[in-house]
> 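Sharing a structure here in structure tokens format.
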Amino acid sequence: MRLSSTRFCLLLSAAAALSALAPGAAPAANLSKTYSYFTVGGATLGEIEAELARRGPKVGSAGRRHPGATSLSFNSKLDFAETPRSCRISRADVSVSARLTLPRWRRPGGAEQDTRLIWDTLAADIKRHEESHVSIAKRHARELENALRALGNFRDCAQASAKVQALSDRILAKHDAEQASFDRVEGKNFESRILRLLERRLERMDAASQP
């Protein structure tokens, strides 16, 4: 039974991102994760910005493009044990299917070193962000699986099925709310986070260049 299908993204426009840069979770029982990539070109930040805006994955009904995206599907496999007087769940397995869409830069030979540094930092942060969406989904899949397995006996399987649906709706609504909250926080902290990551990367480069 497919419980929910949701799509999340790095909630930040490419223009805002690049203009700003110019100066433990428990695993789900089963996780299927695949990656797809879209290629962007450009030798300058402005050109890369335009490529991300043109080629990035579309997210939401408005069709807005983003630097990265994650599609998530929750699926449950349930078995019921029924007697003339009762029904219980004898097996409950919840799995998550995740498809991450990430950018790849076709780096031209004329790209400045500063542009390369910023891109490497930005691309790593986009990937971390999308992987975090998967971690949130894994945690909620485990929560749902444990909650389903903990359900007791019901008078019949119709009642059991209704309880399964209500429980699934509640946990998946909590999941969606946490994903949305994560995007909001990440969006607010984006500029300071990227600048901090750039500083750390520069510090590591300086340390590596010291004799």
Side-chain angles (χ1 to χ4, degrees), residues 5-23 25 28 31-74 96-139 175-176 178-205 208:
S5 178
T6 51
R7 188 170 174 87
F8 298 93
C9 61
L10 180 63
L11 290 181
L12 178 78
S13 70
L18 295 174
S19 63
L21 291 175
L31 171 67
S32 172
K33 183 165 59 173
T34 59
Y35 296 86
S36 64
Y37 298 90
F38 64 98
T39 301
V40 296
T44 67
L45 291 177
E47 291 172 354
I48 294 172
E49 169 192 335
E51 287 280 281
L52 286 170
R54 184 167 67 92
R55 297 179 180 271
K58 292 183 179 180
V59 177
S61 57
R64 179 184 171 192
R65 293 187 181 274
H66 294 267
T70 299
S71 296
L72 298 166
S73 294
F74 290 77
V96 177
S97 297
R99 181 177 178 85
L100 291 78
T101 303
L102 302 171
R104 278 179 175 164
W105 182 29
R106 187 175 58 244
R107 183 179 299 175
E112 297 290 339
Q113 184 60 35
D114 287 349
T115 303
R116 297 183 181 188
L117 174 64
I118 292 172
W119 170 261
D120 289 344
T121 305
L122 177 61
D125 190 66
I126 292 172
K127 185 175 188 297
R128 176 207 57 81
H129 177 96
E130 301 307 332
E131 295 282 3
S132 296
H133 279 306
V134 178
S135 296
I136 293 171
K138 286 167 62 178
R139 178 158 42 81
H175 162 266
D176 289 355
E178 185 170 334
Q179 295 280 20
S181 176
F182 173 73
D183 270 336
R184 286 193 298 271
V185 172
E186 288 272 294
K188 290 178 181 178
N189 297 334
F190 178 80
E191 181 177 351
S192 62
R193 182 175 70 252
I194 292 296
L195 293 175
R196 184 172 63 252
L197 291 171
L198 279 170
E199 289 175 359
R200 291 177 182 173
R201 191 176 288 255
L202 288 169
E203 289 172 357
R204 290 196 298 269
M205 293 171 62

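Starting from 1, each residue takes its place in the sequence as its number.
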> Lys58 and Arg65: which non-hydrogen atoms are nearest, and at how many Å?
CE-NH2, 3.1 Å

> Between Glu130 and Lys33, is there a salt bridge with N-O shorter than 4.0 Å?
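No, no charged N to carboxylate O under 4.0 Å.
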
> Any chance you could measure Glu186, atom CD, to Ile126, atom CD1, to the nearest 0.5 Å?
11.5 Å

> Looking at Arg106 and Gly41, would you say the former's side chain and the latter's main chain have a donor-acceptor pair under 3.5 Å?
no

> Test the Arg55-Phe38 pair against the cation-pi criterion, namely NZ or CZ under 6.0 angstrom from the six-membered ring centroid and within 45° of the ring axis.
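Relative to the ring axis of Phe38, which defines the angle, Arg55 lies outside at least one limit.
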
> Could you give the distance from CG (Asp125) to CG (Leu197), rounded to the nearest 0.5 Å?
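If I round to the nearest 0.5 Å, the distance is 5.5 Å.
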
> Counting distance only, does the side-chain N/O of Glu47 pair as donor-acceptor with the main-chain N or O of Ala43 below 3.5 Å?
yes

> Say you draw a straight line from CZ of Arg184 to CG of Asn189; how long is it, rounded to the nearest 0.5 Å?
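Here the rounded value is 12.5 Å.
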
> Which pair of non-hydrogen atoms, one from Pro67 and one from Leu52, has the smallest distance, and what is that distance?
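Pro67 and Leu52 have their closest heavy atoms at CA-CD2, 4.4 Å.
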
> Let me confirm one number: the CZ-OG1 distance from Arg193 to Thr121, rounded to the nearest 0.5 Å.
12.0 Å

> What distance do Leu102 atom CG and Lys127 atom NZ have between them, rounded to the nearest 0.5 Å?
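Answer for the CG-NZ pair, Leu102 versus Lys127, is 7.0 Å.
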
> Can you sort out the partners of Arg107 under side chain to side chain contact (heavy atoms under 4.5 Å, CB included), two or more places apart, ordered by chain and number?
Trp105, Ala111, Arg116, Trp119, Asp120

> Kindly determine whether Leu72 and Val96 satisfy side-chain contact (heavy atoms from CB on, under 4.5 Å), including the steps that lead there.
CA-CA 7 Å; Leu72 298 166; Val96 177; 4.2 Å; yes

> Can you see which heavy atom on Ala137 is nearest to which on Phe74, and at what distance?
O-CE2, 3.6 Å

> Check the angle between the aromatic planes of His129 and His133 and answer parallel, tilted or perpendicular using the 30° and 60° thresholds.
perpendicular

> State whether the side chain of Arg99 and the backbone N or O of Ser36 hold a donor-acceptor pair below 3.5 Å, judged by distance alone.
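Flag not set: sc Arg99 to bb Ser36 has no pair under 3.5 Å.
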
> Let me see the working for Val134 and Leu31 under side-chain contact (heavy atoms from CB on, under 4.5 Å), right down to the final yes or no.
CA-CA 9 Å; Val134 178; Leu31 171 67; 4.0 Å; yes

> Kindly determine whether Leu122 and Ile48 satisfy side-chain contact (heavy atoms from CB on, under 4.5 Å), including the steps that lead there.
CA-CA 12 Å; Leu122 177 61; Ile48 294 172; over 6 Å; no

> Show the nearest heavy-atom pair for residues Pro57 and Gly68, with the distance to one decimal.
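So the two residues come closest at CG-C, 4.0 Å.
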
> To the closest 0.5 Å, what do you measure between CG (Asp114) and OG1 (Thr44)?
12.5 Å

